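The structure appears right after this line, and notes come after that.
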Amino acid sequence: MATDRPAVRFEGVTKKYGAVTAVDNVSFDIAPASLVTLLGPSGCGKTTTLRLIAGLEQTSTGRILIDDKDVTLLSAAERDVSMVFQSYALFPHMNVMENVSYGLRAMGLGRAQAAERAAEKLSLVGLSGYEKRQPSELSGGQQQRVAVARAIVLEPKVLLFDEPLSNLDAKLRRRVRDEIRGLQQDLALTMVYVTHDQEEALAVSDRIIVMNAARVAQDGTPRDLYNEPTNRFIADFMGDANLLDVEVLSSNATSARVKVGPLLLDMPARGNAPGPAMLAVRPNAVRILADQAATGRMRGRVIKSSYLGDHMEYRIAISDPAVELFATSPDVTPAVAEGTMVGIDFDPAKIVLIKDD
Ligand code: ATP
């Protein structure tokens, strides 16, 4: 049933631990049937935010609503949410079936009915036939799927994931993350997902709430965050941008003329008045040109050239402005050797003026 009301709403939520403010006046809405990631560096407050939704922590000030109901003062057991932890937290002495049906049995469901519903969810996560195994007889990825089945079997209003993939190796991480996303979409679940891995967040999310130092740094779709960072922190965090001091020479509602060293760029305006500004240049926006003498180009020397299999990474010392650029290129043969003097310009589609800083 479609509904406009948010599945989760934070209204000016603050959480303090003594002198530490872990979450500082945070507000957001999470739409039903969406997957929203809380992303940010270590210590930014994302786990605390998740635990506040779960009711495992209580707010210092502010309100939390789940499905339009004020749950601020309710305990974890009184909120209709389930959490999947980093460590899976499976009961080690119970087999897979017992683990998945445990919550239903605790709610008073009969053994047969609980087993039927548990079997259905185990089949959804691709683990039919594993019912009798102990957790110790499963791989990390399988244990994670049991943890997911155990959470969704309770059909909570909101499913919470705390770094669910951090114990898995890189290949499995990609597969399990796709499975979680597939399940969320097939069953129209509302999921809030904590990670510090920006690629994982970009891959699975409808929306990403990026936190920095206990506050929301930006809240938007993966494309918004990557293409339209509103501040320096986001530009740097989402995609390793080079941040350059530039001069906006002129601007109107739609476009801005920007000077960076000898380069003159006409680019989409983002509300910057003429004067100093900041330009974010993605590593793959840096074009390395053999002809360094052409006018309207920056010049530089390649000081580091690294072969990464499917692409090259370069560090290039530019003379005007005096900066070092980090650049990537899909052209691995021939590569540009260290010490080579090169001309530089930027792919206009992959650079963006920063709005706020
Ligand atoms: P990580 O990625 O490292 O898990 P995080 O973004 O999830 O980090 P939180 O665990 O939410 O960060 O912590 C936010 C801040 O609150 C940190 O400075 C942390 O030290 C502090 N903090 C968290 N829990 C407690 C607690 N129980 N008592 C005191 N301080 C805490």
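Note that this is a predicted model, so its numbers are computed, not measured. Scope of the values below: all heavy atoms of this structure, side chains included, with no hydrogens, waters or symmetry mates. Each ligand, and each atom within it, is numbered from 1 in the order the structure gives. When a residue number appears, it is its place in the shown sequence, counting from 1.
- The pair R257-E247 fails the salt-bridge criterion, with no side-chain N (NZ, NE, NH1 or NH2) lying under 4.0 Å from an Asp/Glu carboxylate O.
- Under 4.0 Å from any atom of ligand 1, one finds heavy atoms of residues Y17, V20, A22, P41, S42, G43, C44, G45, K46, T47, T48.
- One finds no salt bridge joining D178 and R175 here, because no Lys/Arg side-chain nitrogen approaches an Asp/Glu carboxylate oxygen to under 4.0 Å.
- For residues 200-228, every residue pair satisfying the salt bridge (charged side-chain N to carboxylate O under 4.0 Å, His left out) rule, not counting sequence neighbours, is listed here: D24-R215, R181-D206, R207-D219, E228-R270.
- A salt bridge links R315 with E324: at least one charged nitrogen is closer than 4.0 Å to a carboxylate oxygen.
- Annotation: salt bridge (charged side-chain N to carboxylate O under 4.0 Å, His left out) contacts involving residues 131-145, sequence neighbours excluded, comprise R145-E179.
- Evaluation of the salt bridge (charged side-chain N to carboxylate O under 4.0 Å, His left out) test over residues 119-128, restricted to residues two or more places apart or in two chains, returns K121-E155.
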